[in-house]
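Structure first, commentary second.
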2 protein chains.
Amino acid sequence: MTVIFSKKCEYGLQAILYIATHTMGKAVPAEKISQALKIPREFVSKILQDLKASGLVGSVKGKAGGFFLGKEPSQIKLIDIVEAIDGLEMFNSCVLGFPECTPDAPCPVHNKWGILRDQAYQMLKAETLDQLKERTLNKISKL
Amino acid sequence: MTVIFSKKCEYGLQAILYIATHTMGKAVPAEKISQALKIPREFVSKILQDLKASGLVGSVKGKAGGFFLGKEPSQIKLIDIVEAIDGLEMFNSCVLGFPECTPDAPCPVHNKWGILRDQAYQMLKAETLDQLKERTLNKISKL
DNA sequence: CTTTAACCAGACAATTTTATCTGATTTTCA
DNA sequence: TGAAAATCAGATAAAATTGTCTGGTTAAAG
């Protein structure tokens, strides 16, 4: 199946967006994220631990514990989450999978694809959690 | 890892492009494609059998057998190959993975992403094997 | 008519991704 | 202090993807 982001990455993006919109000073437990987004609890927990290693989220143990944003929402870009989970290879490798595809010896779709890929990259780099949060609160109440 | 097309799909695209550029009236055996593109022989063979089911390639058994294009190069679009192998779901599903993402209740990146996705789709739909063949012969000799 | 080179079908195996389980530790709060 | 609610680490399992193997069939060519 064709895919843009891995499940892990999708879940990570969903989860951090959920945290951004639901942390009201308090930490958000994995259990709550799991139920709201229908992601297996242990799985989302693992992903958030990965994001913690990248400093994008923080956590507190114990009762009333959970996860919170590791930085200001305005300082967290979508590309940061993608990079932390899936890496940036897709923005740097040939869409047809030719290992030898270079600007000098480009694959037949190199240029056209390159433009789209750069636009996608720029979008993910421009979007920050605070922008998404606002858009989310305006439009999807269930989030 | 983030990816656009599955390996199967990448291999399929590479293989059919190879056939387009190397069939000189004759069928191209899987063994040759395998060696040229460094794809496991049995694997590329399987993929070509899938593409045969979609009518994109044909084959002849026996000595001097192999694969050839099932239609005129000008009638084979990249999107056809992608559709045959990976399907078109990626052009119709939420990039963040929200099942409930719709135009009425869009996810926070719905519109921006939608534009890029449509452009990618249009590109794959516009590119035909004869165009790629020409570009390939001009630029990458080893193909 | 036998050898050879190929497709083809189906089973099998390895790897990666996705998901689950177990138990340890931490923290709150009654 | 003890129960409850949470993170966290590490092992395990299930599913999907990728890759390999075996043997059968087909067709060309000597």
Of all the heavy-atom pairs spanning [X] and [Y], show the shortest one and how long it is.
X: A/Ser34; Y: A/Pro40; answer: OG-C, 3.9 Å
X: A/Gln14; Y: A/Ile39; answer: OE1-CD1, 4.0 Å
X: A/Ser6; Y: A/Ile85; answer: OG-CG2, 4.5 Å

To the nearest 0.5 Å, what is the distance between [atom1] ([X]) and [atom2] ([Y])?
X: A/Leu69; Y: A/Leu17; atom1: CG; atom2: CG; value: 10.0 Å
X: B/Leu116; Y: A/Gln122; atom1: CG; atom2: CD; value: 11.0 Å
X: A/Ile16; Y: A/Thr23; atom1: CD1; atom2: OG1; value: 11.5 Å
X: A/Leu96; Y: A/His110; atom1: CG; atom2: NE2; value: 10.5 Å

Donor-acceptor pairs under 3.5 Å, side chain of residues 41-61 of chain A to any protein atom, not counting sequence neighbours: which ones?
| residue | atom | partner | partner atom | Å |
| --- | --- | --- | --- | --- |
| A/Arg41 | NE | A/Glu31 | OE1 | 3.2 |
| A/Ser45 | OG | A/Gln49 | NE2 | 3.3 |
| A/Lys52 | NZ | A/Ser59 | OG | 2.9 |

Using the side chain to side chain contact (heavy atoms under 4.5 Å, CB included) criterion, which residues pair with B/Glu89? Sequence neighbours excluded.
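B/Glu89: side chain to side chain contact (heavy atoms under 4.5 Å, CB included) contacts with A/Met1.
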Between [N] atom [atom2] and [X] atom [atom1], what is the distance in whole Å?
X: B/Phe67; N: C/dA6; atom1: CZ; atom2: P; value: 12 Å
X: A/Glu42; N: D/dC8; atom1: CD; atom2: C1'; value: 9 Å
X: A/Phe5; N: C/dT18; atom1: CZ; atom2: P; value: 13 Å
X: B/Ile33; N: D/dG19; atom1: CD1; atom2: P; value: 16 Å
X: A/Lys26; N: C/dT28; atom1: NZ; atom2: C1'; value: 14 Å
X: B/Lys32; N: C/dA6; atom1: NZ; atom2: P; value: 10 Å
X: A/Glu10; N: C/dT17; atom1: CD; atom2: P; value: 14 Å
X: A/Glu31; N: C/dC21; atom1: CD; atom2: P; value: 13 Å

Selection: residues 43-53 of chain B, any non-hydrogen atom under 4.0 Å of DNA chain C:
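When residues 43-53 of chain B is checked for heavy atoms under 4.0 Å from DNA chain C, the hits, listed by number, are B/Lys46, B/Gln49, B/Lys52.
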Using a strict heavy-atom distance below 4.0 Å, which residues from residues 80-96 of chain B are in contact with DNA chain C?
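Contacts with DNA chain C under 4.0 Å: none.
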Nearest-nucleotide 5' precedence on DNA chain C, B/Arg41 against A/Cys9:
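Looking at the nearest nucleotide for each, B/Arg41 comes out on the 5' side.
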Heavy atoms only, 4.0 Å cut-off, all strands: where does B/Ala27 land among base, sugar-phosphate and nothing?
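Answer is nothing: B/Ala27 stays at 4.0 Å or more from every strand.
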Can you list the steps and then say if B/Asp104 with B/Thr102 is a side chain to side chain donor-acceptor pair (under 3.5 Å)?
CA-CA 5 Å; B/Asp104 282 345; B/Thr102 65; 5.4 Å; no
Are any of the side-chain nitrogens in B/Arg135 or B/Glu127 under 4.0 Å away from the carboxylate oxygens of its partner?
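Looking at B/Arg135 and B/Glu127, the cut-off is met.
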B/Tyr11 side chain N/O closer than 4.0 Å to the phosphate oxygens (OP1, OP2) of D/dT18?
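Answer no for this pair, as no side-chain N or O of B/Tyr11 is under 4.0 Å from OP1 or OP2.
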Sort me out a list of protein N/O and nucleotides 26-30 of chain D N/O pairs below 3.5 Å, or just none if empty.
| residue | atom | partner | partner atom | Å |
| --- | --- | --- | --- | --- |
| D/dT26 | O2 | B/Gly62 | N | 3.2 |
| D/dA27 | N3 | B/Lys63 | N | 3.4 |

From the options D/dA6, D/dT18, D/dC8, select the nucleotide whose nearest atom is closest to the side chain of A/Ser59.
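Taking heavy atoms from C-beta onward, the closest nucleotide is D/dC8.
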Does anything in residues 62-95 of chain B form a ring pair (Phe, Tyr, Trp, His ring centres under 6.0 Å)? List the pairs, not counting sequence neighbours.
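Qualifying pairs, neighbours excluded: B/Phe91-B/Tyr121.
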